[in-house]
Amino acid sequence: MRSPVLLVIAHGSRDPRHAATVHALVRRVRAMRPGLRVETGFLDFNIPSVHGVLESLAAEGVRDVVALPLLLTRAFHAKADIPAVLREAPAQLRIRQAEVLGPSPLLLAGLERRLYEAGLAPADKSSTGVVLASAGSTDPEAIAVIAEIAREWRHTGWCAVRPAFASASLPRTEDAVRELRALGCRRVAVAPYVLAPGFLPDRIARGAAEADVLADVLGPSPEVARVLLERYEAARTPLPAAVGA
């Protein structure tokens with residue numbers, strides 16, 4: 001039986017680095033799962049559009065699709081925008097929407113690897129405060145998830161971890177950096193909890209001016225690619241029937 005097509009749905013951006021990063025991530029996913037068809041669609045700014053990809057798949061005779069939001073939290077795009085676009089898909093397509101990528105231990109592993117690539121060492125953890133800097137959201141569920149990730153990450157050995165947001169919510173990255181300095185952390189690092197470069201990640205970088213270390217975005221890292229495949233498998237595999245059902 002043919003596996004469902006994996007449709008990765010990205011937000012899109014006027015910044016060309018965004019689409020380039022998304023395509024690099026999709027290439028990594030394809031390399032990890034040879035034989036799995038992986039397509040990319042954008043909600044805005046970039047092509048192909050999600051609607052255009054779905055129309056093309058239906059025209060080819062594809063029937064099963066797993067639509068995977070390339071998002072770290074369940075905010076407005078995952079709850080409203082993407083379901084609305086999928087409802088407009090050709091009727092012959094059977095579409096299952098996968099869960100967003102976060103939270104996941106793999107993403108924390110990816111964040112740590114980015115920090116080490118930026119110059120930290122595992123031995124630095126206990127004396128380093130980390131700012132977990134996300135894009136921000138007006139959705140309270142998404143904000144609560146970021147705060148919980150920061151609390152959990154703190155328990156892995158960092159001096160302290162504080163969430164920060166580039167928009168919509170407070171504190172800002174620069175305020176979290178100063179708070180960690182005031183706590184007495186020997187060094188302060190900023191870990192952008194974002195997938196691709198763009199306007200808000202650039203704002204995070206400016207807010208990290210007083211930090212000792214600024215990590216790169218998660219980007220096309222192997223950890224992110226593995227989470228994509230985990231979410232795909234969970235969406236394509238039916239849940240077992242309840243006993244007695």
> Can you tell me if Arg231 uses its side chain to pair, donor with acceptor, with the backbone of Leu101 under 3.5 Å?
Replying inline: yes
> Is Glu223 salt-bridged to Arg226, cutoff N-O under 4.0 Å?
Replying inline: no
> Any side-chain heavy-atom pair from Ile95 and Leu7 closer than 4.5 angstrom?
Replying inline: no
>> Distance check, rounded to the nearest 0.5 Å: His18 atom NE2 versus His23 atom NE2?
In response: 9.0 Å
> Can you check whether Trp158 reaches Leu132 side chain to side chain, under 4.5 Å on heavy atoms?
Replying inline: no
>> A side-chain contact here means heavy atoms from C-beta on lying under 4.5 Å apart; do Arg162 and Pro171 qualify?
In response: no
> Quick check: are there more than 12 heavy atoms from other residues, nucleotides or ligands sitting under 6.0 Å from CD1 of Ile47?
Replying inline: no
> How long is the gap from CG on Asp44 to NE2 on His11, to the nearest 0.5 Å?
Replying inline: 6.0 Å
> Are Leu228 and Leu108 linked, directly or through other ILVMFWY residues, by side chains that come within less than 4.5 angstrom of each other?
Replying inline: yes
>> Do Pro220 and Thr21 have side chains that approach each other closer than 4.5 Å (heavy atoms only, starting at C-beta)?
In response: yes
>> If hydrophobic clusters are built from ILVMFWY residues whose side chains come within less than 4.5 Å, do Leu36 and Val227 share one?
In response: yes
> Should we count CZ of Arg63 as having more than 12 external heavy atoms under 6.0 Å?
Replying inline: yes
> Are Val100 and Ile146 linked, directly or through other ILVMFWY residues, by side chains that come within less than 4.5 angstrom of each other?
Replying inline: no
> What closest approach, in Å, do Ser169 and Ile143 show between heavy atoms, and which atom pair accounts for it?
Replying inline: OG-CD1, 3.1 Å
> Just by modelled atom types, is the Ala189 backbone N or O under 3.5 Å from a matching donor or acceptor in the Asp212 side chain?
Replying inline: no
> Are any side-chain N or O atoms of Arg37 and backbone N or O atoms of Leu6, one a donor and one an acceptor, separated by less than 3.5 Å?
Replying inline: no
> Roughly how far, to the nearest 0.5 Å, is CD of Glu179 from CD of Glu174?
Replying inline: 13.0 Å
>> Could you walk me through whether Arg203 and Thr173 satisfy the side-chain contact (heavy atoms from CB on, under 4.5 Å) test, starting with their C-alpha distance in whole Å, then the side-chain angles of each, then the deciding distance to 0.1 Å, before giving a yes or no?
In response: CA-CA 9 Å; Arg203 181 180 288 177; Thr173 301; over 6 Å; no
> Is there side-chain contact between Glu39 and Val65, with heavy atoms separated by less than 4.5 Å?
Replying inline: no
> Given the side-chain rings of His77 and Phe42, with only the six-membered ring counted for Trp, is the space between their centroids under 6.0 Å?
Replying inline: no
>> One thing to verify: whether Asp216 and Arg113 come together as a salt bridge, which I'm taking to mean a side-chain N less than 4.0 angstrom from a carboxylate O.
In response: no
>> I'd like to know if the side chain of Arg187 reaches the main chain of Thr128, judged simply by a donor and an acceptor atom lying under 3.5 Å from each other, with no hydrogens or angles considered.
In response: no
>> To the nearest 0.5 Å, what is the distance between CG on Leu200 and OG on Ser134?
In response: 9.5 Å
> Any link between Val130 and Val177 through a network of hydrophobic side chains (Ile, Leu, Val, Met, Phe, Trp, Tyr) touching at under 4.5 Å?
Replying inline: no
> If you measure from the Lys or Arg side-chain nitrogens to the Asp or Glu carboxylate oxygens, is any gap between Lys79 and Glu141 under 4.0 Å?
Replying inline: yes
> Side chains of Val29 and Tyr232: does their closest heavy-atom pair fall under 4.5 Å?
Replying inline: no
>> Measuring only between side-chain heavy atoms, which start at C-beta, is Glu112 closer than 4.5 Å to Trp153?
In response: yes
> When rounded to the nearest 0.5 angstrom, what is the spacing between CD1 in Ile149 and CG in Leu72?
Replying inline: 8.0 Å
>> So Val217 and Leu195, do their side chains get closer than 4.5 Å, heavy atoms only?
In response: no
> Rounded to the nearest 0.5 Å, how far apart are CG of Leu68 and CG of Leu70?
Replying inline: 7.5 Å
> Applying the 4.5 Å side-chain criterion to the ILVMFWY set and letting contacts propagate, would Leu71 and Leu86 be lumped into a single cluster?
Replying inline: yes
